[in-house]
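Before anything else, here's the structure in question.
Naming: A, B, ... by sequence-line order, numbering from 1 per chain.
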Amino acid sequence: MGFDVSYFLEIIPILLGYLGLTMKMASLGLVIALTLATAMAIVRVFKVPVLDWIVQVVISFFRGTPLLVQLFLLYYGLPQVFPVLVGIDAFTAAVIGLSLHFSAYMAETIRAAILGIDRSQMEAALSIGQSPAMAMRRIILPQAARIALPSLMNQFIDMIKSTSLAFTLGVVELMATAQMEASSSFRFFESFLAVALIYWVVVVLFTQLQLYLEAKLSKAYQR
Amino acid sequence: MIKIRNLTKSFNGSAPVLNGIDLDIEEGEIVAIIGPSGTGKSTLLRCVNLLETPDAGSISLDGEEVPVAHASKEQTLGLRRKTSFVFQNYGLFLHKTALENIAEGLITVWKQPKAEAYKKAQAILQDIGLADKADSYPASLSGGQQQRVGIGRAMASQSKIMLFDEPTSALDPEWVGEVLQLIKTLATRKQTMLIVTHEMRFAREVADRVVFMEGGKIVEQGPPAQLFDQPKDPRTRAFLQRVTSV
């Protein structure tokens, strides 16, 4: 059959039309995951009674089971037990599943980063009269962000790629489109190579963004 | 102005680090605390603005008595806002410039408009001789400059009393002078200060009163001339002999 260059060039713009949806899923997922992760990290750092225990179980579960299993549980399983969830659409389910899954990893990253900040920073903040919550927001988290950034970016990149699993819930995104194009044209190699290249380019762009952010955040630490 | 009563603290049930400290400091008074290492000097200072929670005792500042072993959140915040702290290791906010370090409290705690806060911070930088370092981050400042910014940050809150926790002991010898000089300048302005220090000459020169602590207790106190030249207690004498015999 050989490599059909013109088909390959033809399918790329078609696939790019769905990149928006993929990125919408990933960016919504990132915002929710980061919010959840920060909250969970703070609960763990301050060892909030009861909540700390719950958070530990949640993190253990979402790190300890495959994302695909979690998505199936959420989309196909839970509505059978909780009828309120029956109407949930596949896109929402995918965003929730991705958020929960990656928030577990991000929470541990952020917790470690917070613990990596010297105790003197919190004490200095308290000494000028800031409340612990204000000190967290103004002094600790901004410094922790710099330490956490490389790991968080890795996890976000993983999340971008993992949006392809939403295809198994019936979300028509990048991967789903590639799969459908492939099965109607029988040009599997061209279709999947095209989709692989698109993911790759997106990830490379975000890696560049990471380098830029790292340089920006470390400005304060150069002698 | 500040009355410390029966301040007691032990860590994890071991022997008390502070064993019923009573100490009064008048407005404008400069009190230096000296004594052997591990004798509770720093702990006393850290208890005054509740960086450590004492086991018992009370602190009155400006007539408001706070039962420090179980102070409410408001009382804790209130006490911290009336005191300021200069740390041994400077404790500057590493992600903020010298100017931002000084302005941080003015903006977030004292709710001043940013422009006004930065103006005041710039004036303080001028005062401490670092006007040209406004945009420098702590990592690019010398130890002496960092500690001066630390003192500038403490000055910004215009607190009733400034607490100094061995402000020069982390410094290379070459930077000690400029920091002591700045504290002396503050002393001439009648800023109330409680200073834990190992610099005996400095304590003699700047303090109105010197307190000698050992074993979690105040052993002896008095004007510098009296305490250094005619110590009454044998423990004070022994200590002074050790530190001045070099």
Side-chain angles (χ1 to χ4, degrees), chain A residues 34 38 41-43 45-49 51 109-153 210-223, chain B residues 42 45-46 48-53 73-74 76-98 100-111 135-142 146 149-150 152-159 162-165 170:
Chain A
L34 271 182
T38 307
I42 289 173
V43 164
V45 166
F46 286 103
K47 299 192 172 64
V48 181
L51 274 182
T109 299
I110 296 172
R111 180 175 79 100
I114 291 174
L115 292 178
I117 304 297
D118 194 82
R119 208 167 63 118
S120 67
Q121 296 293 305
M122 177 55 104
E123 290 189 345
L126 296 178
S127 84
I128 62 167
Q130 293 190 338
S131 65
M134 190 189 278
M136 206 65 197
R137 195 161 49 78
R138 297 275 311 179
I139 306 299
I140 306 299
L141 287 179
Q143 294 188 49
R146 169 176 159 266
I147 300 177
L149 182 74
S151 299
L152 289 179
M153 211 58 181
Q210 174 184 347
L211 294 177
Y212 167 76
L213 287 176
E214 274 177 35
K216 206 174 138 132
L217 287 177
S218 61
K219 203 182 74 186
Y221 298 83
Q222 276 144 19
R223 286 175 190 275
Chain B
S42 290
L45 219 58
R46 293 166 58 81
V48 172
N49 79 342
L50 296 175
L51 287 178
E52 304 285 354
T53 307
K73 274 183 192 166
E74 290 72 28
T76 303
L77 226 50
L79 202 54
R80 286 191 185 136
R81 286 175 183 182
K82 283 188 230 166
T83 59
S84 54
F85 206 99
V86 175
F87 295 86
Q88 188 176 343
N89 294 311
Y90 334 129
L92 294 186
F93 305 131
L94 299 174
H95 62 312
K96 292 186 180 288
T97 63
E100 289 166 342
N101 263 276
I102 296 174
E104 176 70 12
L106 296 174
I107 295 166
T108 60
V109 176
W110 301 104
K111 309 286 177 210
D135 298 325
S136 301
Y137 288 96
S140 66
L141 297 174
S142 74
Q146 288 192 58
V149 174
R153 181 175 67 187
M155 288 160 66
S157 60
Q158 301 203 311
S159 57
M162 283 174 85
L163 310 166
F164 291 80
D165 186 10

Problem set entry | Choice from B:K73, B:R81, B:H95 maximising heavy atom contacts with chain A below 4.5 Å | B:H95

For this session: Indicate the atoms forming the closest heavy-atom contact of A:L126 with B:R80, along with that distance.
Result: O-CD, 3.1 Å

For this session: Name the member of A:I128, A:I139, A:L217 that forms the most heavy-atom pairs with chain B at distances under 4.5 Å.
Result: A:I139

Exercise. With a 4.5 Å heavy-atom cut-off, do A:V45 and A:I110 have their side chains touching?
Worked result: no

Problem set entry | When A:Q130, A:R138, A:M134, A:R146 are compared by non-hydrogen pairs under 4.5 Å with chain B, the top option | A:R138

For this session: State whether the side chain of A:Q143 and the backbone N or O of A:I114 hold a donor-acceptor pair below 3.5 Å, judged by distance alone.
Result: no

Exercise. Do you know which two heavy atoms are closest between B:A154 and B:S159, and how far apart they sit?
Worked result: O-OG, 4.4 Å

Exercise. Is B:N101 reaching over with its side chain to a backbone N or O of B:K96, donor-acceptor style, under 3.5 angstrom?
Worked result: yes

Exercise. Using non-hydrogen atoms only, which part of B:L163 is less than 4.5 Å away from chain A: side chain, backbone, both, or neither?
Worked result: neither

Problem set entry | Atom group of B:N89 that falls short of 4.5 Å from chain A, counting heavy atoms | neither

Problem set entry | Interface moiety of B:F93 toward chain A, non-hydrogen atoms closer than 4.5 Å | both

Problem set entry | Interchain contact, B:S136 with chain A, by part (heavy-atom threshold 4.5 Å) | neither

Exercise. Can you tell me if B:R46 uses its side chain to pair, donor with acceptor, with the backbone of B:E52 under 3.5 Å?
Worked result: no

Problem set entry | Pick from B:N49, B:L141, B:T97, B:L51 with the largest number of heavy-atom pairs that fall under 4.5 Å of chain A | B:L51

Problem set entry | Region of B:L77 in contact with chain A, defined by heavy-atom distances below 4.5 Å | side chain

Seminar exercise, completed: One should read off an interatomic distance between B:F85 CZ and B:R153 CZ, to the nearest 0.5 angstrom, of 11.0 Å

Exercise. Side chain, backbone, both or neither: which part of B:T108 has an atom under 4.5 Å from a heavy atom of chain A?
Worked result: both

Exercise. Taking A:S127, A:P142, A:S131 one by one, which has the highest count of heavy-atom pairs under 4.5 Å against chain B?
Worked result: A:S127

Exercise. Atom CE in A:M153, atom CG in A:L211: separation rounded to 0.5 Å?
Worked result: 9.0 Å

